[in-house]
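All remarks here apply to the structure that follows.
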Amino acid sequence: MTALVSVCIPAYRAERFIGQAIRSVLNQTLTDFELIIVDDASPDGTWDVIESFHDHRIVASRNPRNVGAAANWNDVVSRAAGRYVKLLCSDDWLRPDCLARQVAVLAQDDPHEEISLVSARRDIVDEVDRVLLAGRGLATMRGRVPGAVAVKTVVRGGTNLIGEPSTAMFRRSLFDRVGGFDPRAAYMIDLDFWLRLLDHGDFHGIEDTLAVFRVQRGSWSATIAHHQAAQARAFFRRLGPRGEACRTRPALAQLTVADIRLGCLRATGLGYARNAFFGLQAARARRSSRPVGAPTSLVR
């Protein structure tokens, strides 16, 4: 029997946290799922942790060589046989009712398949599970939102209001149709994919917090924030009326030059705010001698 949901975990150097991610899937109230894990030739003990789990719903494999994040994301989702897909990064985890709540939205819409993407709010935690930001995401996008309206809201917000992969669920049938994850999108790879899904249907935002996103250990420098802001600005400009994408994508038709300018301004401001926030967290961690993390994507 084919599972209803495919939860896909692409893993690399995930020895410390992937066990928590896997347990969060196995503990879901909805049990009709397959859990597909692809380890991208991790040099640490990631594969040993994966092999320590024994559940018939787990299908795990290990790449003979490292292929990179984007290729591994596409690979793990391409193996999905379920009607719905959740991509779960190996250091994030899900609340117990996450799958059930998101499947309920998509399943109710199945006769028409007018909703292409559902997401929820999430908590942002550090390496010791301390909550840094609670209930983040979505902004005004609660309940059902037309695809073009969701795209405009995201662009004007200057950041990924939909959230990281752990927050979202989408239809498997749309993955091949939109071309999967684009490695050229870099920091915007998840948002780029979400907006292409919204070319084919509406968005539904669940106000409750159903996922947890963990920030990664790394540099706290302003360089990361500046790179993220610069890529966000370039990404939004490509979507606007003067960009190439708007000529072929219906969900972009309502975007105006003013929307793009506002989004770029907010992306710049968010870059500075993000750097200041995580700098403060680093200072606090140093004072308390606790481990710290650093942002790998935009903090919404």
Side-chain angles (χ1 to χ4, degrees), residues 1-12 14 18-40 46-47 49-51 53-63 67 69-110 113 115-120 122 162-182 189-190 193-194 196-198 200-201 203-204 206 210-213:
M1 296 291 291
T2 301
L4 180 62
V5 183
S6 296
V7 181
C8 303
I9 300 181
Y12 182 68
I18 193 170
Q20 186 175 17
I22 293 173
R23 284 190 292 272
S24 78
V25 178
L26 298 180
N27 291 333
Q28 289 294 299
T29 58
L30 185 149
T31 59
D32 186 7
F33 64 81
E34 61 175 355
L35 174 54
I36 305 171
I37 309 171
V38 179
D39 175 26
D40 195 18
T46 298
W47 183 246
V49 176
I50 295 170
E51 285 196 309
F53 287 87
H54 303 284
D55 190 292
H56 70 279
R57 295 167 295 183
I58 297 177
V59 181
S61 64
R62 190 179 192 188
N63 292 335
V67 299
N72 204 38
W73 284 26
N74 283 322
D75 180 25
V76 69
V77 176
S78 71
R79 304 180 188 212
R83 187 182 307 168
Y84 313 120
V85 174
K86 173 172 285 293
L87 181 70
L88 175 63
C89 293
S90 56
D91 46 5
D92 300 342
W93 75 95
L94 308 177
R95 302 298 187 191
D97 59 342
C98 182
L99 295 186
R101 296 283 303 277
Q102 295 188 325
V103 164
V105 171
L106 293 174
Q108 186 175 9
D109 181 60
D110 269 346
E113 294 194 355
I115 295 176
S116 62
L117 178 65
V118 58
S119 188
R122 82 283 197 227
I162 294 170
E164 298 81 19
S166 59
T167 67
M169 182 179 288
F170 56 93
R171 298 183 186 279
R172 174 65 176 86
S173 60
L174 287 178
F175 177 75
D176 295 323
R177 188 173 178 182
V178 304
F181 295 96
D182 186 348
I189 189 171
D190 48 359
F193 181 67
W194 302 151
R196 282 186 281 121
L197 289 176
L198 293 176
H200 301 277
F203 174 77
H204 187 101
I206 299 174
L210 300 180
V212 177
F213 171 71

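Computed from a predicted structure; not experimentally measured. Index from 1, following the sequence.
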Next item on the list: Using modelled atom types only, decide if a donor and an acceptor are shared between the side chain of Asp92 and the backbone of Ala211 within a distance under 3.5 Å.
Entry: no
Note to self: Please report the interatomic distance CD(Glu164) to CZ(Phe213), rounded to the nearest 0.5 Å.
What the structure shows: 4.0 Å
Margin query: Contact between Leu87 and Cys8 at the side-chain level, heavy atoms closer than 4.5 Å - yes or no?
Written below: yes
Check: Which distance, rounded to the nearest 0.5 Å, do you find between the CD1 of Ile37 and the CD1 of Ile22?
Finding: 3.5 Å
Margin query: The criterion is side-chain contact (heavy atoms from CB on, under 4.5 Å); which residues satisfy it with Ser90, sequence neighbours excluded?
Written below: Ile9, Ala11, Ala14, Ile18
Margin query: Donor-acceptor check, side chain of Asp109 to backbone of Ile115, threshold 3.5 angstrom: yes or no?
Written below: yes
Check: Quick one: does Gln28's side chain have a donor or acceptor within less than 3.5 Å of a partner on Cys98's backbone?
Finding: yes
Note to self: Test of understanding: with salt bridge (charged side-chain N to carboxylate O under 4.0 Å, His left out), list the residues that count as partners of Arg79, not counting sequence neighbours.
What the structure shows: Asp75
Margin query: Run the ring pair (Phe, Tyr, Trp, His ring centres under 6.0 Å) test against Trp194 and tell me which residues pass, sequence neighbours left out.
Written below: none
Next item on the list: Verify side-chain contact (heavy atoms from CB on, under 4.5 Å) between Tyr12 and Asn72, making sure each step is shown before the conclusion.
Entry: CA-CA 9 Å; Tyr12 182 68; Asn72 204 38; 5.9 Å; no
Next item on the list: Mind jotting down which residue pairs meet the salt bridge (Lys or Arg N to Asp or Glu O under 4.0 Å) criterion with at least one end in residues 25-38? Sequence neighbours excluded, please.
Entry: none
Item checked: Counterpart residues, side-chain hydrogen bond (donor to acceptor under 3.5 Å, both in side chains), relative to Glu51 (two or more places apart) -> Trp47
Check: When rounded to the nearest 0.5 angstrom, what distance separates NE2 in His200 from OG in Ser173?
Finding: 10.0 Å
Checklist line | Residues that Asp40 engages under salt bridge (charged side-chain N to carboxylate O under 4.0 Å, His left out), provided they are two or more places apart | finding: none
Check: Should Ser24 and Val212 count as side-chain neighbours, where that means a heavy-atom distance under 4.5 Å?
Finding: no
Checklist line | Residue pair Asp97 / Thr29: nearest heavy atoms and the distance that separates them | finding: CA-OG1, 3.8 Å
Next item on the list: Over all heavy atoms of both residues, which pair between Ala81 and Thr2 is shortest? Give the atoms and the distance, please.
Entry: O-CG2, 3.0 Å
Checklist line | Pairs satisfying ring-ring contact (aromatic ring centres under 6.0 Å, His included), at least one member in residues 73-92, at least two apart | finding: Trp73-Phe181
Checklist line | Closest non-hydrogen atom pair, Leu94 against Ser166 | finding: CD2-O, 3.6 Å
Check: Between Thr46 and Arg62, is a side-chain contact (heavy atoms from CB on, under 4.5 Å) present by the stated rule, with each step listed?
Finding: CA-CA 10 Å; Thr46 298; Arg62 190 179 192 188; over 6 Å; no
Note to self: So, using salt bridge (charged side-chain N to carboxylate O under 4.0 Å, His left out) as the criterion, who are the partners of Arg196 when residues are at least two apart?
What the structure shows: Asp192
Next item on the list: Only counting residues at least two apart or in another chain, list the ones meeting side-chain hydrogen bond (donor to acceptor under 3.5 Å, both in side chains) with Ser119.
Entry: Thr167
Next item on the list: Could you tell me which non-hydrogen atom of Ser6 sits nearest to which non-hydrogen atom of Gly82, and how far apart they are?
Entry: OG-N, 2.8 Å
Checklist line | Sole candidate of Leu99, Val7, Val105 that passes side-chain contact (heavy atoms from CB on, under 4.5 Å) when paired with Met169 | finding: Leu99
Margin query: To the nearest 0.5 Å, what is the distance between CG on Leu117 and CG on Leu106?
Written below: 8.5 Å
Next item on the list: Taking side-chain contact (heavy atoms from CB on, under 4.5 Å) as the test, write out the residues that go with Arg172, two or more places apart.
Entry: Ala80, Val85, Phe175, Asp176
Item checked: Heavy-atom side-chain contact between Asp190 and Pro165 under 4.5 Å -> yes
Next item on the list: Using the test salt bridge (charged side-chain N to carboxylate O under 4.0 Å, His left out), find all partners of Asp110 that sit at least two apart in sequence or belong to another chain.
Entry: Arg83, Arg171
Next item on the list: For Phe170, enumerate each residue passing the ring pair (Phe, Tyr, Trp, His ring centres under 6.0 Å) test, keeping only those at least two apart in sequence or located in another chain.
Entry: Phe193
Next item on the list: Give, for atom CZ of Phe33 and atom CG of Leu4, the distance between the pair rounded to the nearest 0.5 Å.
Entry: 11.5 Å
Next item on the list: To the nearest 0.5 angstrom, please state how far the CG atom of Leu26 sits from the CG atom of Asp55.
Entry: 5.0 Å
